[in-house]
Peer 1: 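Dropping the structure in here first, questions after.
What's counted below: heavy atoms across the whole structure, side chains too, no hydrogens, waters or symmetry copies. Quick caveat: nothing in here was measured; it's all calculated off a predicted structure.
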Amino acid sequence: MTVPETSVTDSAAAPATRAAAPASAPDVPPSHPRQSEFGFTVGTRLPNGRGRTGVIRTPHGEIATPAFVVVGTKATVKAVTPEAVSDLGGQAVLANAYHLYLQPGADVVDAAGGLGRFMNWSGPTFTDSGGFQVMSLGSGFKKVIDMKAADSSGGDDAVAPGKERLANVDDDGVWFKSHLNGDVHRFTPEVSMGVQHQLGADIMFAFDELTTLHNSRGYQVESLERTRRWAERCIREHFRLTDARVGKDYQALFGVIQGAQYEDLRRTACRDLGAMPFDGYGIGGALEKENLGTIIGWCAEELPEDRPRHLLGISEPDDVFTAIENGADTFDCVSPTRVARNSAFYTPHGRFNLSGRRYRTDFTPLQEGCDCYTCTHYTRAYIHHLFKAKEMLSHTLISIHNERFVVGLVDAARQAIEDGTFDELKERVLADYYAGTGDPQGL
């Protein structure tokens with residue numbers, strides 16, 4: 001297939017500059033015998049051939065896909081107990097290697113028996129590599145890097161206004177300062193693999209370099225090659241640690257696809273990493289919301305069909321349907337609990353803010369017909385009171401509902417693929433959610 005060397009927004013982009021290289025270095029083993037302990041089976045496909053159902057098999061249980069993976073950054077879903085996550089239908093939890101490395105330390109989690117046992121979660125677990133946090137916090141952008149518009153005018157070493165650069169990347173790895181106390185640390189592919197093996201998640205991600213839409217195409221090319229070389233190093237260290245840590249469950253390793261908005265770079269990354277013995281793939285990096293489906297589609301066309309694809313960081317209903325129909329099998333996002341701490345809650349008619357005065361005497365549940373613990377036990381008026389009184393229980397109750405809303409939405413999409421009604425469900429859900437008519441309940 002001939003692929004134009006363009007981004008989805010710039011038809012005059014320069015071509016990639018790296019020399020042709022083999023997809024995998026000669027000293028990267030073709031596979032590891034324990035990889036058979038992890039598996040993925042494709043089920044029903046959408047007519048477009050990309051969207052699909054499936055089952056991921058891990059040492060701690062199966063994940064029916066598509067699935068929303070609940071984020072528990074620091075080995076906890078903020079304000080929500082693991083038992084509540086299970087009750088609301090969460091199939092798996094994702095924690096953050098960067099944060100757990102800094103506190104309490106990967107050695108502590110390892111001594112506890114791994115992430116799941118440490119946090120009392122019996123189901124499948126994921127850990128990311130720490131690359132996103134190293135780069136985003138290191139650039140002073142904190143939790144979110146601006147990815148709303150492609151603009152390379154800010155330079156390749158951009159730092160958020162008024163912030164100090166806390167991370168510096170080189171070909172071997174990244175030096176960064178802890179956001180907790182300023183201590184200097186070094187992450188390399190080998191360090192990331194060591195940390196994640198100690199954390200013991202069922203699925204972990206290769207260490208990659210995060211770029212933003214503000215980086216030049218030239219830097220995107222350079223960074224993509226760096227991430228490719230890091231991927232090879234991650235595989236070698238992963239296989240070495242798998243052999244060395246006798247008696248531990250097998251941990252699957254996913255490669256991370258970068259390439260920003262550029263079709264040729266995304267497809268190149270998919271082909272390079274797709275030829276390596278990864279157990280699955282993460283689709284990450286900089287992209288504009290309106291191009292989400294296009295970019296996932298490129299990746300779905302290139303990546304091996306028999307391995308799962310995880311999209312990093314989405315939860316809004318339109319993004320959920322776009323991701324699923326274009327080939328994402330799992331995805332995660334902190335948004336359900338983050339917005340809950342500001343009193344925002346999801347409903348089929350949109351997202352609303354419970355701090356409004358109108359909810360002071362609204363004695364209906366957050367969402368009529370919702371089966372979550374919050375909606376079957378509490379009213380909007382009570383949770384409004386908790387929020388106004390600065391009681392932390394408001395965070396818990398809204399978070400439970402928001403997580404259930406997203407998990408339930410993805411569950412419904414999965415069933416609709418099986419039933420052949422995905423398009424109808426998508427049209428109905430999005431028409432109601434984005435109608436802009438306001439909250440019809442309790443008026």
Peer 1: Looking only at side chains, do Q415 and D419 share a donor and an acceptor under 3.5 Å apart?
Peer 2: yes
Peer 1: So R266 and L224, do their side chains get closer than 4.5 Å, heavy atoms only?
Peer 2: no
Peer 1: Does a donor on one side chain sit under 3.5 Å from an acceptor on the other, for R45 and T53?
Peer 2: no
Peer 1: Measuring from atom CG of L409 to atom CD1 of I324, what distance do you get when rounded to the nearest 0.5 angstrom?
Peer 2: 7.0 Å
Peer 1: Are any of the side-chain nitrogens in R229 or E225 under 4.0 Å away from the carboxylate oxygens of its partner?
Peer 2: yes
Peer 1: If we count only N and O atoms by modelled type, under 3.5 Å, do the side chains of Q220 and T211 hold a donor and an acceptor together?
Peer 2: yes
Peer 1: Apply the salt bridge (Lys or Arg N to Asp or Glu O under 4.0 Å) test between R226 and each candidate in D208, D172, D171; give the one that qualifies.
Peer 2: D171
Peer 1: Please report the C-alpha distance between T227 and Q258 in whole Å, then the side-chain angles of each, then the deciding distance to 0.1 Å, and finally whether the side-chain hydrogen bond (donor to acceptor under 3.5 Å, both in side chains) criterion is met.
Peer 2: CA-CA 8 Å; T227 289; Q258 294 286 355; 5.8 Å; no
Peer 1: Looking at H185 versus Y101, is the centre-to-centre ring distance below 6.0 Å?
Peer 2: yes
Peer 1: Is it true that D318 and Y434 share a donor-acceptor pair across their side chains at a distance under 3.5 Å?
Peer 2: yes
Peer 1: Working to the nearest 0.5 angstrom, can you tell me the gap between R404 CZ and C370 SG?
Peer 2: 7.0 Å
Peer 1: Between F68 and P336, is there a side-chain heavy-atom distance shorter than 4.5 Å?
Peer 2: yes
Peer 1: Going through the distances and angles, do Q196 and S192 end up as a side-chain hydrogen bond (donor to acceptor under 3.5 Å, both in side chains)?
Peer 2: CA-CA 6 Å; Q196 291 189 81; S192 179; 3.2 Å; yes
Peer 1: Heavy atoms, side chains only, cut-off 4.5 Å: are L386 and Y378 in contact?
Peer 2: no
Peer 1: Any side-chain heavy atom of N402 sitting closer than 4.5 Å to one from F345?
Peer 2: yes
Peer 1: Show me, pair by pair, the donor-acceptor contacts under 3.5 angstrom made by side chains of residues 30-38, not counting sequence neighbours?
Peer 2:
from	atom 1	to	atom 2	distance (Å)
H32	ND1	R34	N	3.0
H32	NE2	D243	OD1	2.7
R34	NE	E37	OE2	2.8
R34	NH1	K248	O	3.2
R34	NH2	E37	OE1	3.0
R34	NH2	K248	O	2.8
Q35	OE1	H32	N	2.8
Q35	NE2	P277	O	3.0
Q35	NE2	D279	OD1	3.0
S36	OG	P33	O	3.3

Peer 1: Is a donor from one side chain sitting under 3.5 angstrom from an acceptor on the other, for R307 and Y281?
Peer 2: yes
Peer 1: Taking atom types as modelled, is there a side-chain donor on T330 or H310 under 3.5 Å from an acceptor on the other?
Peer 2: yes
Peer 1: Report the C-alpha separation of S399 and R341 in whole Å, then their side-chain angles, then the decisive distance to 0.1 Å, and conclude whether the side-chain hydrogen bond (donor to acceptor under 3.5 Å, both in side chains) test is met.
Peer 2: CA-CA 8 Å; S399 293; R341 297 192 294 279; 5.6 Å; no
Peer 1: Assess whether atom CD of E418 is packed by more than 12 heavy atoms of other residues, nucleotides or ligands within 6.0 Å.
Peer 2: yes
Peer 1: Of L94, V80, D332, V77, which meets side chain to side chain contact (heavy atoms under 4.5 Å, CB included) against V70?
Peer 2: V77
Peer 1: Is R233 salt-bridged to E237, cutoff N-O under 4.0 Å?
Peer 2: no
Peer 1: Is the backbone N or O of A79 less than 3.5 Å from a side-chain atom of T396, with the two atoms forming a donor-acceptor pair by type?
Peer 2: yes
Peer 1: Do P59 and D202 come close enough that some side-chain heavy atom pair is under 4.5 Å?
Peer 2: yes
Peer 1: Determine, for D423 against K426, whether the closest basic-nitrogen to carboxylate-oxygen distance falls under 4.0 angstrom.
Peer 2: no
Peer 1: Angle class for the F405/Y346 ring planes (parallel below 30°, perpendicular above 60°, tilted otherwise)?
Peer 2: parallel
Peer 1: Centres of the F254 and F278 rings: under 6.0 Å?
Peer 2: no
Peer 1: Closer than 4.0 angstrom, basic N to acidic O: yes or no for R117 and D110?
Peer 2: no
Peer 1: Could you verify whether a donor N or O on one side chain and an acceptor N or O on the other, from T58 and E62, lie under 3.5 Å apart?
Peer 2: no
Peer 1: With a 6.0 Å cut-off on ring centres, are Y382 and H377 close enough?
Peer 2: no
Peer 1: Can you label the angle between the F207 ring and the W230 ring as parallel, tilted or perpendicular, going by 30° and 60°?
Peer 2: parallel
Peer 1: Keeping N291 on the side-chain end and T294 on the backbone end, is there a donor-acceptor pair under 3.5 Å?
Peer 2: no
Peer 1: Say you draw a straight line from CD1 of I203 to OG1 of T125; how long is it, rounded to the nearest 0.5 Å?
Peer 2: 8.0 Å
Peer 1: One thing to verify: whether E316 and R351 come together as a salt bridge, which I'm taking to mean a side-chain N less than 4.0 angstrom from a carboxylate O.
Peer 2: yes
Peer 1: Hey, is E305 close enough to R309 for a salt bridge, meaning N to O under 4.0 Å?
Peer 2: yes
